[in-house]
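Input: a single structure, listed below in structure tokens.
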Amino acid sequence: MTCAVRETGGGWRCVGVRWPREVPELGWSRGGDRRVSVLAYGTGLGFRAVGERHCVGARGNVCPLGAVVPGRSTGGRCAECARLDRAHSVAADTMADDPRTYRVYLAWFGPGMVKVGITGEERGAARLREQGAVAFSWLGRGPLMAARRTEEVLRAALGVPDRIPYAKKRAVRGQLPGPEERAGAVAELYARAAALEGRGWPESLERLPLEVVDQVGVFGLDRAPDADPAPGRSVREGGTAPGRSVRESAPAPVRAVRELVDGGVVAGRLVAAAGPDLHLAVADGGVVVLDTRLITGWDLTAVTRATGATEVTGSDVRVPLIDIGGGGVQGGLF
């Protein structure tokens with residue numbers, strides 16, 4: 001079985017991975033139309049990039065220029081559309097009168113990698129899945145500006161960043177400690193944050209109790225690449241067995257796609273996903289990471305065999321790759 005890739009000529013372009021629920025979805029757009037393809041661990045995923053990469057537009061609107069954008073850009077937008085998209089985001093602080101309730105979260109991505117952030121309460125934990133947070137806990141809830149103020153206070157007092165590069169998250173994802181250590185790291189951060197209540201913490205922000213949510217199981221990081229799920233079975237939330245690290249279950253990916261190119265092929269078996277990253281098992285027994293932010297704006301066609309079938313039975317990666325953690329570029333195409 002293969003994860004769906006729209007056929008050529010349909011005008012559909014991928015808009016990346018989404019996490020509205022506890023399984024990843026590939027989003028597709030064609031003008032104002034939207035579709036999704038639900039992904040399943042253990043199934044094949046394969047496509048070929050065609051032509052040039054074009055700007056994905058902003059806030060659901062098509063780029064008026066149809067601008068060509070660089071293959072290595074993770075934003076996938078021209079300068080003008082990037083400006084418009086940013087201007088209407090919560091991070092831009094242009095929505096002070098937003099009536100919605102927001103939550104402050106504490107997220108853990110790996111040893112020494114923690115951050116504090118905010119998200120709309122109606123979105124649940126979708127934002128944490130989109131960022132690839134391995135474990136997290138809610139800290140508080142309240143109006144937007146109270147949540148934003150708390151976020152700023154905690155960043156300054158705790159010395160935590162507002163963002164962590166995906167390259168760093170990727171580098172530690174295959175070497176995570178066991179569930180107890182992960183939960184302990186979040187609990188420690190929560191205790192430090194809670195101790196600041198009353199010292200710059202807005203009164204309108206309601207503190208929420210510590211409840212560590214571990215997303216290793218949701219991301220499929222506790223599955224060995226050859227452990228395909230039963231047909232139709234969804235991925236369940238949960239961590240690895242007590243005391244068992246992720247490294248014992250799934251080999252660490254060592255390469256990642258640097259960019260797509262015209263005619264470039266990416267095909268493999270989906271074994272895990274975290275944030276925008278898809279982990280694909282390939283022919284040599286290794287795992288290659290595909291950052292789906294790099295495939296937005298491309299026309300993608302399904303990979304076919306000489307017989308004309310669309311099912312991918314092996315792996316075929318013919319795009320530039322980089323070493324995860326090392327930053328070096330692999331020679332030629334893999």
Side-chain angles (χ1 to χ4, degrees), residues 1-10 12-17 24-28 37-53 70-74 76 166 170 173-174 220-221 223-229 231 250-274 276-324 326 328-334:
M1 177 181 179
T2 338
C3 296
V5 171
R6 300 292 167 191
E7 295 296 333
T8 183
W12 291 94
R13 286 182 177 166
C14 185
V15 296
V17 164
E25 300 177 353
L26 274 182
W28 303 89
S37 300
V38 178
L39 304 180
Y41 301 139
T43 59
L45 174 67
F47 61 83
R48 184 188 309 275
V50 179
E52 295 178 307
R53 187 186 187 195
R72 298 188 191 183
S73 168
T74 54
Y166 280 101
R170 223 169 270 139
R173 197 175 291 149
L221 295 173
R223 302 172 63 254
D226 59 351
D228 292 346
V254 295
R255 290 165 297 189
V257 172
R258 184 185 69 184
E259 63 181 316
L260 299 189
V261 294
D262 182 23
V265 172
V266 176
R269 187 158 48 84
L270 182 66
V271 295
D277 291 349
L278 302 182
H279 293 211
L280 302 174
V282 295
D284 64 358
V287 175
V288 170
V289 173
L290 170 64
D291 183 341
T292 56
R293 296 176 301 169
L294 296 174
I295 70 177
T296 60
W298 282 97
D299 282 330
L300 304 178
T301 64
V303 175
T304 61
R305 295 179 293 178
T307 60
T310 59
E311 185 168 13
V312 178
T313 57
S315 63
D316 188 6
V317 180
R318 286 182 277 142
V319 293
L321 301 176
I322 58 174
D323 295 321
I324 292 178
V329 178
Q330 295 280 348
L333 302 180
F334 172 70

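Hydrogens, waters and symmetry mates are skipped; everything else that's a heavy atom, side chains included, is used. Because the structure is predicted, anything quoted here is derived from the model rather than measured.
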Report yes if the side chains of [X] and [Y] come closer than 4.5 Å at any heavy-atom pair, otherwise no.
X      : Y      : answer
Arg53  : Ile295 : no
Leu270 : His279 : no
Ile324 : Arg173 : no
Leu278 : Val289 : no
Pro320 : Val261 : yes
Thr74  : Tyr166 : no
Arg255 : Asp323 : yes

Can you name the closest pair of heavy atoms from [X] and [Y] and give their distance?
X      : Y      : answer
Arg48  : Val303 : N-CG2, 4.0 Å
Val319 : Gly264 : CG1-CA, 3.8 Å
Trp298 : Ala49  : CE3-CB, 3.7 Å
Leu294 : Arg72  : CD2-O, 3.7 Å
Asp291 : Pro276 : OD1-CB, 3.6 Å

Determine, stepwise, if the pair Val17 / Leu26 fulfils side chain to side chain contact (heavy atoms under 4.5 Å, CB included). CA-CA 5 Å; Val17 164; Leu26 274 182; 3.8 Å; yes

Picking from Leu260, Val266, Val50, what satisfies side chain to side chain contact (heavy atoms under 4.5 Å, CB included) with Leu300? Leu260

Can a side-chain donor-acceptor contact be found between Ser73 and Arg293 if the only test is distance below 3.5 angstrom? no

I'd like to know if Asp299 and Arg13 make a salt bridge, using a cut-off of under 4.0 Å between side-chain N and carboxylate O. yes

